[in-house]
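Input: a single structure, listed below in structure tokens.
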Amino acid sequence: MTDPTADELPLAAEFPTASREQWRKLVDGVLKGAPFEKRLVARTYDGLAIEPLYARDAQAQPVVGRRPGEAWTVMQRVDHPAPAAANAEALHDLENGATGLSLVLAGSIGAYGYGLAANEEAISGALDGIHLDAGIALDLDLGPQAMDAAASLAAIVKRRGIAPAATNIRFGFDPIGAAALCGGSPLPWNGLVPLFNAGISDLATRGFRGPFAVADGRLVHNAGGSEAQELAYALAVAIAYLRALEAGGVALDAARSLIYFRLAADADQLLTIAKLRALRRLWARVEEACGLAPAPTFIAAETAWRMMSRRDPYVNVLRATIAAVSAGLGGADAVSVLPFNMALGLPDRFARRIARNTQLVLLEESNLAKVADPAAGSGSVEHLTAELCRAAWSLFQEIERAGGAFAAIEHGLIQQKVAAVRAEHQAAVARRKDALTGTSDFPDLAEASVTVLNVPLALVPPYPTSLALEPLPSIRLAEPFEALRDASDRMLAQTGARPNIFLANLGKLSDFTARATFAKNFFEAGGIEAVSNDGFVNRDEMVAAFKASGAKLACLCSSDAVYASEAAAAAQALAAAGARLILAGRPGEQEPALRAAGLQIFIFAGCDVLAALQTTYDLIAS
């Protein structure tokens with residue numbers, strides 16, 4: 001009997017190899033003269049082109065980062081303002097699979113309204129019973145009171161009789177980030193450098209291994225910045241710290257090991273993978289420029305705050321999963337997943353468990369860490385990595401020409417560039433070009449409530465500043481839609497009913513279904529309940545149904561063909577019954593006649609949804 005595996009038959013061996021030119025010819029036939037670039041080439045917020053098809057990059061070399069087969073550290077937040085409660089959660093997390101803790105202090109970049117006080121009593125209480133010399137990673141997410149917190153932690157280690165070298169603590173000094181976050185600095189950069197060096201020197205002298213200083217790109221991402229902006233900022237901050245350490249007498253080879261990075265991981269999978277890979281290549285270029293052989297740097301990733309939503313928050317589980325996958329495949333050494341209800345308040349144990357187990361499933365069941373740089377050779381990822389490197393390096397050079405990271409923040413260069421991209425993000429969300437599932441798209445007005453802990457926001461001590469700076473804000477892209485939903489909730493609580501709109505469906509079911517579905521999702525994204533129906537036998541029946549609905553507004557829904565013959569007359573009849581009128585679709589040449597008939601708003605794919613919804617609320621209130 002012949003062994004079927006002796007001579008393997010290559011898949012599709014009998015078919016001729018297809019060329020890109022053949023594929024392009026077929027595509028052009030489908031496009032029928034429409035521009036290829038406009039229809040099939042997407043662009044990132046850095047203006048980088050994303051083609052629909054890439055060939056394998058057989059010459060690409062893997063990015064050297066986390067060791068092959070080594071799991072990333074599963075980080076869990078320690079952010080409850082009450083130390084005893086924070087400690088209980090930390091112990092529970094460590095007992096159930098977490099391998100690291102992110103000690104979040106009030107007022108830090110990643111606090112999001114909560115966090116511990118920066119004093120020894122609070123930190124000691126939160127770490128009670130946690131063996132800091134047992135291999136547990138501890139990452140300090142520090143606020144402006146960084147030196148106080150680091151000194152407190154060092155004192156705790158000494159009091160427990162633990163050898164500092166036996167701990168795995170990343171101290172998170174980031175004076176530039178603190179200044180940009182708080183909108184001020186107690187000293188100019190040349191005054192901060194000696195303090196920065198003294199704090200690190202003290203810890204190193206005690207025997208701590210570090211790393212001690214972090215270049216935290218989350219600050220830019222949280223403010224709405226692009227991938228290249230986040231990379232350029234992080235690179236510029238890291239170099240500022242490298243120079244500071246060298247000025248303090250630390251050799252460059254040793255200084256680079258004292259610095260690590262934090263980046264945000266969001267739900268754009270390919271861009272997140274490429275961003276983490278690009279950072280390693282960019283830092284390797286810096287090392288080479290310093291005359292050093294590149295060595296793997298430590299990168300921590302946190303799922304993005306700006307993608308979190310308060311509405312339909314279970315969708316955040318999906319977003320966070322994609323982000324965690326992307327961070328892991330991109331080579332992050334440590335990953336922190338924000339609990340899905342983080343935007344609603346301090347997460348409960350259930351939400352923390354979901355965040356923790358998301359990573360454990362990816363590691364233990366999906367085995368995502370078994371292969372080093374699995375994206376290596378992928379045409380799309382390699383292209384994006386290279387393009388991000390070029391864009392980030394160009395912006396980094398601009399920051400350097402401005403005098404470095406602190407000077408660029410002091411002069412508003414970084415804030416200005418981030419604000420421009422933030423405005424683009426917000427415009428894309430407003431027009432639903434960037435969909436927020438459960439918020440701007442596919443809303444659920446009857447969504448189930450989500451439990452969070454009844455804990456007030458943490459008190460953040462004032463940060464004394466002598467140098468005022470423009471702060472980088474922390475935003476969530478869903479906030480404008482959430483504000484409209486909040487207004488709907490208030491109306492429901494006050495009157496027993498939400499604001500509503502009557503869908504005036506014209507013609508047959510096949511005529512109006514598409515636009516009626518569009519209109520329902522459109523208005524309910526703003527908390528305005530759609531009163532739907534299966535159409536009407538005649539105009540009088542439609543007007544009677546409108547009056548019975550109790551709505552002040554009516555939205556005409558049908559096909560363009562039906563609009564041409566019926567829209568104006570239907571609008572006049574509804575207007576005579578007291579309706580304020582909206583039409584689902586572009587008015588085209590009929591706009592003058594439709595407006596004359598009483599139409600006030602036109603909604604369609606690509607319009608400014610937020611502006612239309614706000615105008616709708618104004619009509620309801622008038």
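By convention here, the first residue in the shown sequence is residue 1.
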Check: [Y] and [X] side chains under 4.5 Å, non-hydrogen atoms:
X    : Y    : value
L610 : Q614 : no
T297 : I259 : no
L276 : T272 : yes
E424 : S226 : no
V381 : L270 : yes
R285 : L235 : no
F196 : L245 : yes
V193 : P175 : no

Donor-acceptor pair, [X] side chain versus [Y] backbone, under 3.5 Å?
X    : Y    : answer
D133 : I162 : no
E120 : A155 : no
H383 : A49  : yes
S466 : P186 : yes
D266 : D268 : yes
Q76  : A98  : no
S185 : L187 : yes
R209 : A165 : yes
S108 : V104 : no
D128 : A84  : no

Determine the minimum heavy-atom distance between [X] and [Y], stating which atoms define it.
X    : Y    : answer
Y233 : G177 : OH-CA, 3.5 Å
V335 : A327 : CG2-CB, 4.0 Å
L219 : A180 : CD2-CB, 3.4 Å
A154 : L203 : CB-CD2, 3.9 Å
L142 : G172 : CD1-O, 3.6 Å
P313 : L344 : CG-CD1, 3.9 Å

Measuring from [X]:[atom1] to [Y]:[atom2], what's the distance to the nearest 0.5 Å?
X    : Y    : atom1 : atom2 : answer
L388 : T44  : CG    : OG1   : 7.0 Å
R353 : T358 : CZ    : OG1   : 10.5 Å
R256 : L258 : CZ    : CG    : 11.0 Å
N119 : D148 : CG    : CG    : 9.0 Å
E482 : S440 : CD    : OG    : 10.5 Å
R277 : I299 : CZ    : CD1   : 11.5 Å

Near-ring test F212/F171, centroid separation under 6.0 angstrom: yes

Side chain to side chain contact (heavy atoms under 4.5 Å, CB included) assessment of R319 paired with T303: CA-CA 8 Å; R319 297 184 183 106; T303 57; over 6 Å; no

Regarding [X] and [Y], does a basic nitrogen lie under 4.0 Å from an acidic carboxylate oxygen?
X    : Y    : value
R218 : D141 : yes
E230 : R306 : no
R262 : D139 : yes
R401 : E398 : no
E382 : R281 : yes
R77  : E89  : no
D79  : R352 : yes

Sorted by first residue and then second, give each ring-ring contact (aromatic ring centres under 6.0 Å, His included) pair with at least one member in [range]; sequence neighbours left out.
range            : answer
residues 458-479 : none
residues 108-144 : Y112-W305
residues 396-435 : Y45-H425, W189-F406, W393-F396

Identified side-chain hydrogen bond (donor to acceptor under 3.5 Å, both in side chains) partner of R310 from the options N316, D486, T439: D486

Residues L94, L101; criterion side chain to side chain contact (heavy atoms under 4.5 Å, CB included); working and verdict: CA-CA 8 Å; L94 293 174; L101 298 173; 3.9 Å; yes

Evaluation steps, salt bridge (charged side-chain N to carboxylate O under 4.0 Å, His left out), between R170 and D216: CA-CA 13 Å; R170 301 188 294 274; D216 197 337; over 6 Å; no

Just wondering, more than 12 heavy atoms not from [X] lying within 6.0 Å of its [atom1]?
X    : atom1 : answer
Q397 : CD    : yes
R67  : CZ    : no
E70  : CD    : yes

With K275, the side chain to side chain contact (heavy atoms under 4.5 Å, CB included) member among L231, L384, T385: L231

Step-by-step side chain to side chain contact (heavy atoms under 4.5 Å, CB included) determination, L346 to V452: CA-CA 6 Å; L346 192 63; V452 293; 5.8 Å; no

Test side chain to side chain contact (heavy atoms under 4.5 Å, CB included) applied to I409 and L472, step by step: CA-CA 9 Å; I409 291 170; L472 280 168; 5.7 Å; no

